[in-house]
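Taking it in order: structure first as structure tokens, then the write-up.
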Amino acid sequence: MSMIKILTPFEKISKLNKTLILIGWLVLLIIIWFATTSGEKHLFPSPSQVLTGFSDLYREGLVVHIFNSLKLCFISIFLATIISLFFAYAWPIPLLKSVSEFITKFRFLPFTGLSFYITMVIHEARMMQVWILVIFLTTFLTTSLIAVIKDIPQEEFDHAKMLKCNRWEVLVQVIILGRIDYVIDVIRQNLAITWMMLVTVESIVVASGGLGFLIKNSDKFMNTGRIIALQIIILLIGLGLDAGINYLRKALFRYSKI
């Protein structure tokens, strides 16, 4: 593997070389971490402090908090997906098109203002967290799903009409059934937003626990080792969820072009 080859734009390299480059960057990152935390004063916690943070978090019920966060995430993404699919599939209907497009505009609303009004209506902590995430995520999911529909080539609609499909059959065959693999990929992309906002929501409403609750407590006592440990856990879980959904999409739709 020559240096010129890996520095050339659009150059194709083998999977082995990709793995070696990734390992090289990780090793460099670890070396920089040790080097920058070796003195008495440093900005980031040392590896030993982070390891101590992991053990402390485990003793305080880390696994339970992870499951609480995952449960909140899956409930929110499920409800938001159902609602978003309704608005997206209603978009081609003239009467409902403006409603669907109006829903997408809510993504510009500030998150703090949204949570304020929800807390006025819902008083149970877990349900507050769920609906804050559902409303927030629905706007982005609906926007992405409508974009998928807009990108469908006209040839696919013409092909369905040549097969004597009526308007409703075109909606079902071309948009709904014909783009299920795209829907899964849109969910995968927006899951990252959900997982990122999850910690923020849990830190606002701390009564139900979760990773956000742990971060808020760690931040309160300025325990930087625990904070970095939690960031690593959140990142790894997020990457795992993304890889899992991507694998599911490829397994179910082997000929997907995404």
Side-chain angles (χ1 to χ4, degrees), residues 70-122 124 126-161 165-198 200-201 204 238 241-242 244-246 248-249 252-253 256-258:
L70 287 173
K71 182 180 178 181
L72 174 59
C73 180
F74 289 139
I75 292 174
S76 302
I77 197 77
F78 175 77
L79 293 175
T81 300
I82 298 299
I83 298 171
S84 301
L85 286 174
F86 170 79
F87 287 119
Y89 294 152
W91 180 78
I93 302 172
L95 179 65
L96 301 176
K97 185 172 185 177
S98 57
V99 177
S100 299
E101 291 183 345
F102 181 69
I103 293 297
T104 65
K105 309 307 179 187
F106 280 102
R107 68 187 189 276
F108 297 105
L109 283 176
F111 184 76
T112 306
L114 178 66
S115 60
F116 171 76
Y117 285 106
I118 292 177
T119 54
M120 292 178 62
V121 178
I122 303 173
E124 201 273 320
R126 174 59 71 179
M127 293 306 297
M128 285 168 55
Q129 293 174 339
V130 168
W131 284 106
I132 289 173
L133 283 172
V134 167
I135 295 173
F136 181 81
L137 183 60
T138 295
T139 60
F140 288 93
L141 267 175
T142 304
T143 303
S144 300
L145 291 171
I146 290 177
V148 168
I149 296 173
K150 289 181 178 179
D151 288 338
I152 298 176
Q154 183 60 39
E155 291 80 2
E156 295 191 29
F157 293 103
D158 294 338
H159 179 69
K161 292 175 183 177
C165 294
N166 60 41
R167 300 291 180 88
W168 290 101
E169 288 173 336
V170 171
L171 175 65
V172 173
Q173 296 298 327
V174 178
I175 294 180
I176 299 178
L177 298 180
R179 286 297 182 274
I180 296 179
D181 53 332
Y182 287 77
V183 170
I184 294 176
D185 197 64
V186 166
I187 294 172
R188 180 181 68 86
Q189 294 170 11
N190 284 270
L191 182 63
I193 300 176
T194 309
W195 190 243
M196 177 189 69
M197 296 307 303
L198 188 79
T200 305
V201 172
I204 294 174
L241 291 172
D242 183 81
I245 294 180
N246 195 39
L248 178 65
R249 177 183 62 79
L252 295 175
F253 305 98
S256 172
K257 296 181 180 180
I258 299 178

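Only heavy atoms go into these numbers, but all of them, side chains included; no hydrogens, no water, no symmetry mates.
- One distance of note links CZ of Arg167 with NZ of Lys161; it measures 6.0 Å at 0.5 Å rounding.
- No side-chain donor-acceptor contact under 3.5 Å links Thr142 to the backbone of Thr139.
- For the side-chain contact (heavy atoms from CB on, under 4.5 Å) with Ser84, the qualifying choice from Leu79, Ile187, Thr143, Leu141 is Leu141, the only one to do so.
- In terms of heavy-atom proximity, Ile146 sits nearest to Ala88 at CG1-CA, 4.2 Å.
- Ser76 approaches Val134 most closely through the heavy-atom pair O-CG2, 3.7 Å.
- With rounding to the nearest 0.5 Å, the separation of CD1 in Ile152 from NZ in Lys150 is 12.5 Å.
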### Task
Carefully, step by step, assess Leu191 and Asp242 under the rule side chain to side chain contact (heavy atoms under 4.5 Å, CB included).
CA-CA 8 Å; Leu191 182 63; Asp242 183 81; 6.0 Å; no
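- Panel note: side chain Gln189, backbone Val186; no donor-acceptor pair is recorded below 3.5 Å.
- A pairwise comparison of heavy atoms in Trp91 and Glu101 identifies NE1-OE2, 3.2 Å as the closest pair.
- Counting only heavy atoms from C-beta outward, the side chains of Phe136 and Ile193 approach each other to under 4.5 Å.
- Atom CE of Met197 and atom OG1 of Thr194 lie 9.5 Å apart (nearest 0.5 Å).
- Taking 4.5 Å as the limit, every side-chain heavy atom of Ile184 sits out of range of all side-chain heavy atoms of Arg188.
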### Query
After noting the C-alpha distance and the side-chain angles of Arg249 and Asp185, does the key distance pass the side chain to side chain contact (heavy atoms under 4.5 Å, CB included) rule?
CA-CA 7 Å; Arg249 177 183 62 79; Asp185 197 64; 3.5 Å; yes
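- Residues Val183 and Val148 are not in side-chain contact: their nearest non-hydrogen atoms beyond the backbone lie 4.5 Å or more apart.
- Taking CD1 of Ile93 as the start and CG of Leu171 as the end, the distance is 6.5 Å to the nearest 0.5 Å.
- Leu252 places none of its side-chain heavy atoms less than 4.5 Å from the side chain of Asp181.
- You'll find the side chain of Phe78 stays beyond 4.5 Å of the side chain of Thr81, heavy atoms only.
- Considering all non-hydrogen atoms of both residues, Leu198 and Cys73 come closest at CD1-N, 3.9 Å.
- Between Leu241 and Leu70, the closest side-chain pair of non-hydrogen atoms falls below 4.5 Å.
- Put simply, CD on Gln129 and NZ on Lys71 are 11.5 Å apart, with the number rounded to the nearest 0.5 Å.
- Heavy atoms only, all atoms of each residue included: Ser100 and Phe87 are closest at OG-O, 2.6 Å.
- Summarising the geometry, atom CZ belonging to Phe102 is positioned 14.5 Å from atom CG belonging to Leu96; distances are rounded to the nearest 0.5 Å.
- Between Leu137 and Ala80, the closest heavy-atom pair is CD2-CB, 3.7 Å.
- Contact of the Phe157 side chain with the Ile175 side chain is registered, since non-hydrogen atoms from C-beta on lie closer than 4.5 Å.
- Residues Asn190 and Ser144 are in side-chain contact: their nearest non-hydrogen atoms beyond the backbone lie under 4.5 Å apart.
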